[in-house]
Amino acid sequence: MEAFHAYLASISRGLNCVTFRVGGVEDHVHFAVGLAREVSQSVWIEHVKTESSRWIKTQGEQYANFAWQRGYGVFSISPSHLPSLIEYINDQKEHHRRETFQDEYRRLLRKYGLAFDEKYVWG
């Protein structure tokens, strides 16, 4: 998992994006990243997903069917919250013992007033 996160960070840095931290658990990944001025969120996501999918499929038979889900979530924070975000990313395993990824994502969507339909969120 660490090698995968390191590779994800290198892809992001290759787009001239400041990549502060990459981490996660088996079913999702978090980035703390500052996008380069000329890189949109959708271009960044597409590039990270495409390049990492190619790479991970070279890492063994067990990854032959690897695929990212279609969707993603992007949340902005103020620079003053960056240390807390990095700590949160570092603590993913412990954090998700208390709250599942799905419950956390629903909570964040509600917190920020984003309407969603369950049938589209996890596809």
Side-chain angles (χ1 to χ4, degrees):
M1 185 86 63
E2 285 182 34
F4 186 54
H5 293 158
Y7 191 72
L8 291 170
S10 73
I11 296 167
S12 183
R13 285 192 302 270
L15 291 170
N16 296 318
C17 296
V18 179
T19 306
F20 300 100
R21 183 74 76 232
V22 178
V25 291
E26 289 75 18
D27 64 350
H28 69 282
V29 65
H30 293 273
F31 283 82
V33 63
L35 294 179
R37 195 174 45 141
E38 66 278 1
V39 177
S40 69
Q41 293 171 357
S42 60
V43 166
W44 180 82
I45 290 285
E46 179 182 358
H47 193 75
V48 168
K49 285 183 173 184
T50 300
E51 294 302 314
S52 63
S53 290
R54 279 191 201 128
W55 178 80
I56 200 161
K57 290 175 181 180
T58 69
Q59 302 303 301
E61 281 288 317
Q62 69 271 33
Y63 302 113
N65 295 319
F66 176 85
W68 290 100
Q69 70 179 42
R70 287 185 41 213
Y72 59 89
V74 176
F75 299 90
S76 296
I77 64 163
S78 70
S80 66
H81 290 109
L82 183 59
S84 296
L85 177 59
I86 291 170
E87 184 178 321
Y88 163 78
I89 292 171
N90 289 340
D91 194 35
Q92 282 295 288
K93 285 188 181 187
E94 183 58 34
H95 174 76
H96 287 299
R97 286 189 181 116
R98 298 184 302 271
E99 181 178 36
T100 68
F101 166 68
Q102 290 81 7
D103 287 343
E104 176 183 41
Y105 196 66
R106 287 182 193 104
R107 180 176 52 76
L108 287 171
L109 292 172
R110 288 182 186 111
K111 176 181 178 178
Y112 293 106
L114 300 170
F116 65 96
D117 185 326
E118 289 279 340
K119 68 182 176 182
Y120 299 114
V121 173
W122 312 115

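As the structure is a prediction and not an experimental result, all values here were calculated from the model.
In plain terms, the two heavy atoms of Cys17 and Ala36 that are nearest each other are SG-N, 3.4 Å. The two residues Leu85 and Ala32 have their closest heavy-atom pair at CD2-CB, 3.7 Å. Of all heavy-atom pairs between Tyr105 and Gly73, the closest is OH-CA, 3.3 Å. Between Val25 and Met1, the closest heavy-atom pair is C-CE, 3.8 Å. The shortest heavy-atom contact between Glu38 and Leu15 is OE2-O, 4.5 Å.
Under the 4.5 Å side-chain heavy-atom criterion for grouping Ile, Leu, Val, Met, Phe, Trp and Tyr, Tyr88 is connected to Ile77 within one hydrophobic cluster. One hydrophobic cluster, built from ILVMFWY side chains closer than 4.5 Å, holds both Val43 and Leu35.
Using a 4.5 Å cut-off on side-chain heavy atoms (C-beta onward), Phe4 and Phe66 make contact. Residues Phe31 and Ile45 form no side-chain contact, since every pair of their non-hydrogen atoms from C-beta on lies 4.5 Å or further apart. You'll find the side chain of Glu118 reaches within 4.5 Å of the side chain of Phe116, heavy atoms only. Within the 4.5 Å cutoff, the side chain of Glu104 has heavy atoms near those of the Leu108 side chain. Counting heavy atoms from C-beta outward, Val22 and Ser12 have side chains that stay 4.5 Å or more apart. Annotation: side chain of Val33 is not in contact with side chain of Phe20 (no heavy-atom distance under 4.5 Å).
A donor-acceptor pair under 3.5 Å links the side-chain atoms of Lys49 to the main chain of Arg70, judged by distance alone. The backbone N or O of Tyr7 sits less than 3.5 Å from a side-chain atom of Ser10, completing a donor-acceptor pair.
Here the CD1-OG distance, from Ile89 to Ser84, works out to 11.0 Å after rounding to the nearest 0.5 Å. Phe75 CZ to His30 NE2: the interatomic distance, rounded to the nearest 0.5 Å, is 10.0 Å. Atom NE2 of His47 and atom OG of Ser42 lie 13.0 Å apart (nearest 0.5 Å). Expressed to the nearest 0.5 Å, how far OG1 of Thr100 lies from CZ of Arg106 amounts to 6.5 Å. The NZ atom of Lys57 sits 7.5 Å away from atom CG of Asn65, with the distance rounded to the nearest 0.5 Å. For the atom pair OH of Tyr63 and CH2 of Trp55, the computed distance is 8.0 Å after rounding to the nearest 0.5 Å.
At a cut-off of 3.5 Å, with distance as the only test, no side-chain donor of Gln69 or His28 sits close to an acceptor on the other residue. Side-chain polar atoms of His81 and Ser78 form a donor-acceptor pair below 3.5 angstrom. In summary, the side chains of His96 and Gln92 do present a donor paired with an acceptor at a separation below 3.5 Å, with no hydrogens or angles considered.
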